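Presented below is the structure to which this report refers.
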There are 2 protein chains.
Amino acid sequence: MVRWEGGARERLQAAALRLFVERGYDGTTVADVADAAGLTERTFFRHFTDKRDVLFAGQEEFEQSYLEPLARAEGDAMSRVLAAVDAAAARFPDERRPWSRLRQTVIDADPRLRERELLKLSLLSEAIAGRLRAEGVEPVPAALAAENGVAVFRIAFASWIAAGETRSLQDLQAEVLARLRSLLGA
Amino acid sequence: MVRWEGGARERLQAAALRLFVERGYDGTTVADVADAAGLTERTFFRHFTDKRDVLFAGQEEFEQSYLEPLARAEGDAMSRVLAAVDAAAARFPDERRPWSRLRQTVIDADPRLRERELLKLSLLSEAIAGRLRAEGVEPVPAALAAENGVAVFRIAFASWIAAGETRSLQDLQAEVLARLRSLLGA
DNA sequence: ATGGTCATGGCAGGAACTGACATCGCCGAT
DNA sequence: ATCGGCGATGTCAGTTCCTGCCATGACCAT
């Protein structure tokens, strides 16, 4: 029996996305995913904490892509957050767009997956606000800056994966930010 | 057998909150809650879609408390959203504060409950943005205004239930809003 | 009283997880 | 080269969440 092929985690993720697209999240059991990856249901749960988590791996790197540029940025809280959001957007190259579209289609189709996505974004916002507070920023401004930064990403990302959209995520974020400024600056 | 006492839904909610506080969310089964309310597990799932939902009933009224004042408000998108947020805050009287504190303690202790709370707030934001779009506001500004309105509520609410806090939710929201303006207006 | 209707009970079963233990393959120590 | 450890996986039993289906009890209009 071929027991050790390596890349079990990646195989599970690929199988899961494929099956979720084909049969829907609800129409796919964890056993289905494990079978498609040549593994067992038990092994699935060793790699992912629950069924939804298979679509949301890499939270650590995701947060780091914001926290690292945040640490380097200078200026007031809001400027630093926006610099981090801009820097992180550079990690969303156009090659990833089709994959992101597919993944987001699956997520948007099921409230349980939307919940998980919101939690991940909320954790990111918390992490950013936490760093700011650790550096002396007051709690409320820290939370507001983090929330707005994540909101800019969230809204720009939705445009980025919309059908026919070709502009880069960075450009879209810049446009959303301009709108935000005019909303509150007027 | 006393089969019809009425208020089954309310009894289930009360029993759930009490047991979640005593034994934790994870340490309480749905059967426990149903038993404590003198009902069956099957009946629990007729009143609530899932175990978490017992803490989040009343989403309809919650959204209405924003949408109704929103419809009456005048001015640009952001001003209208803020007026709605302010009006809705009036529905959080001080008598509710101890209960809100207890409930929030339970929610904050379990990621699954945090997920559900985020989803409910996201649905509120979506509903507000949807109304704005229906009245001709561009999608991006509509989403931004809604997100910021909800963010103001969320952050002020966290302060409102903090230990020792005595100011009203409306006052706290006004302060958060002032901070928001200075963050983006500077 | 009679029939309809609605809330509830009872039961069976699927799917999501979890804990305990066994097994397989690799890799370093002797 | 053999042995023994170690990490990844398999196996299995069990709990909990949640759903479908049908039965039963209580209230109401006639």
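Just so it is clear: chains get the letters A, B, ... in the order the sequence lines come, proteins before strands, and each one is counted from 1. Keep in mind that what you see is a predicted model, and the values were worked out from it rather than measured.
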Evaluate the side-chain proximity of A:D53 to A:K120: yes if any heavy-atom separation is below 4.5 Å, no if none is.
->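 Of all side-chain heavy-atom pairs linking A:D53 with A:K120, at least one is under 4.5 Å.
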Just how far, in rounded Å, is [atom2] of [N] from [atom1] of [X]?
X      : N      : atom1 : atom2 : result
A:F44  : C:dT18 : CZ    : P     : 11 Å
B:F48  : C:dA7  : CZ    : C1'   : 14 Å
B:D32  : D:dC18 : CG    : C1'   : 16 Å
B:R42  : D:dC22 : CZ    : P     : 13 Å
B:R11  : C:dT8  : CZ    : P     : 8 Å
A:L39  : D:dG7  : CG    : P     : 19 Å
B:D110 : D:dT16 : CG    : P     : 16 Å
B:L19  : D:dT16 : CG    : C1'   : 16 Å

Hey, could you give me the CZ/CD1 distance between A:R112 and A:I107, rounded to the nearest 0.5 Å?
->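 Rounded to the nearest 0.5 Å, the CZ-CD1 separation comes out at 13.5 Å.
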When rounded to the nearest 0.5 angstrom, what is the spacing between CZ in B:R97 and CZ in B:F92?
->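 Result: 12.0 Å between the selected atoms.
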Quick test: give all pairs of protein nitrogen or oxygen and nucleotides 13-17 of chain C nitrogen or oxygen below 3.5 Å, distance rounded to 0.1 Å.
| from | atom 1 | to | atom 2 | distance (Å) |
| --- | --- | --- | --- | --- |
| C:dA16 | OP1 | A:K51 | NZ | 3.0 |
| C:dA16 | OP2 | A:V30 | N | 3.2 |
| C:dC17 | OP2 | A:K51 | N | 2.8 |

Spell out yes or no: do the side chain of B:R46 and the base of C:dG9 have one donor N/O and one acceptor N/O closer than 3.5 Å?
->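 Counting by modelled atom types and ignoring angles, a donor-acceptor contact under 3.5 Å is found here.
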If you draw a 6.0 Å radius around CD in A:E74, do more than 12 non-hydrogen atoms from other residues or ligands fall strictly inside?
->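 12 or below, so no.
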Side-chain atoms of residues 143-151 of chain A: list all donor-acceptor pairs with protein atoms under 3.5 Å, sequence neighbours left out, distances to 0.1 Å.
| from | atom 1 | to | atom 2 | distance (Å) |
| --- | --- | --- | --- | --- |
| A:N148 | OD1 | B:N148 | ND2 | 3.2 |
| A:N148 | ND2 | A:L144 | O | 3.1 |
| A:N148 | ND2 | B:N148 | OD1 | 3.2 |

Please determine if a side-chain N or O atom of A:T43 lies less than 4.0 Å away from the OP1 or OP2 oxygen of D:dT9.
->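 So the side chain of A:T43 is outside the cut-off, no N or O lying under 4.0 Å from OP1 or OP2 of D:dT9.
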Does a side-chain N or O from B:H47 land closer than 4.0 Å to OP1 or OP2 of C:dA7, or not?
->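 For C:dA7, OP1/OP2 do not have a side-chain N/O of B:H47 under 4.0 Å.
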Sorted by first residue and then second, give each side chain to side chain donor-acceptor pair (under 3.5 Å) pair with at least one member in residues 129-138 of chain A; sequence neighbours left out.
->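 Non-adjacent pairs meeting side chain to side chain donor-acceptor pair (under 3.5 Å): A:R80-A:E135.
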Which of parallel (below 30°), tilted (30 to 60°) and perpendicular (above 60°) describes A:Y25 and A:F20?
->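 The arrangement is perpendicular - the two ring planes meet at more than 60°.
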